[in-house]
Amino acid sequence: MHRETAHKLARRTLFGFIVTFVLSRTCVFMIMSQMMPNMYLFMGSGHVHVHHLNYGIFLLAAVCGYSVFRRPVGRAAEITALFYGVAMGLTFDEFGMWLHLGGSYWQRASVDAVIVVAAVFAMVAFMPNLKRFESHHILEFSIALVCLVGFGVVLYIAGTRLGTLMGPTLQTLEAASSP
């Protein structure tokens, strides 16, 4: 059986990561706005909410263990890469919560982390082979880097303004949906 290329596996991972992030954010928002039933898992007497980052951590452990001990190739490697992306999406969607050990789900740090992780996956998925890296690739990389830094600045400024405008509404929704 042949080994899949890192580029192809990174594309599978990126796909799983982005779809999981979008779906998890959509579901959380719909639950908080009572547009769909509360599907959160609660432990004990119903006061401990198990956040989906925990599912991501367990899935990461399983995927990494499988990758190390089974060393998948072919279709199994593609499925493993997809599940790795799903696990990373679940975990990094709540990056702000594990970075700050609690707090609101709607922390800016989570979205910022998702953008950075997606950018890294995308660079691995679509960059040229390092052995064939030529001078025009350096120029393209430099332009992409400047664009990424510029986008980060715009994201920070716009995110701060959006947080000021939408933060109270999101906090109200979050408080209303908690048990």
Test of ring centre spacing under 6.0 Å for Phe21 and Phe92: no

Short question: side chain of Arg12, backbone of Glu78 - any donor-acceptor pair under 3.5 Å? no

Nearest heavy-atom contact between Arg11 and Ala125 is NH1-O, 3.1 Å

Value rounded to 0.5 Å, distance of CZ in Arg71 from OH in Tyr66: 13.0 Å

Can you hop from Val111 to Val120 via hydrophobic side chains spaced under 4.5 Å? no

Group every Ile, Leu, Val, Met, Phe, Trp and Tyr by side-chain heavy-atom contacts under 4.5 Å, then state whether Leu59 and Leu14 land in the same group. yes

For Thr80 against Ser67, the heavy-atom pair lying closest together: CG2-OG, 3.3 Å

With the 4.5 Å side-chain cut-off for hydrophobic clustering, are Val63 and Ile18 part of the same group? yes

Distance check, rounded to the nearest 0.5 Å: Leu90 atom CG versus Leu53 atom CG? 9.0 Å

Side chain to side chain contact (heavy atoms under 4.5 Å, CB included) assessment of Val86 paired with Phe17: CA-CA 5 Å; Val86 169; Phe17 181 77; over 6 Å; no

Distance in Å, Cys64 SG paired with Phe69 CZ, rounded so as to fall on 0.5 Å steps: 10.5 Å

Drop me the distance from Met30's CE to Leu23's CG, to the nearest 0.5 angstrom. 11.0 Å

Could you check if a side-chain atom of Leu60 sits within less than 4.5 angstrom of a side-chain atom of Tyr84, using non-hydrogen atoms only? yes

What do the steps show when you test His51 against Asn54 for side chain to side chain contact (heavy atoms under 4.5 Å, CB included), and what is the final call? CA-CA 6 Å; His51 290 273; Asn54 294 294; 4.1 Å; yes

Starting at CE of Met88, measure out to CZ of Phe121 and round the result to the nearest 0.5 Å. 4.0 Å

Give, for atom CG of Asp93 and atom OH of Tyr55, the distance between the pair rounded to the nearest 0.5 Å. 13.0 Å

Hphob cluster co-occupancy, Ile57 + Val114, side-chain heavy atoms under 4.5 angstrom: yes

Compare every heavy atom of His7 with every heavy atom of Val124, then report the nearest pair and how far apart it is. O-CD2, 3.5 Å

Among Thr20, Thr26, Val19, find the one that has a side-chain contact (heavy atoms from CB on, under 4.5 Å) with Val22. Thr26

Are there more than 12 heavy atoms of other residues, nucleotides or ligands under 6.0 Å from atom CZ of Phe83? no

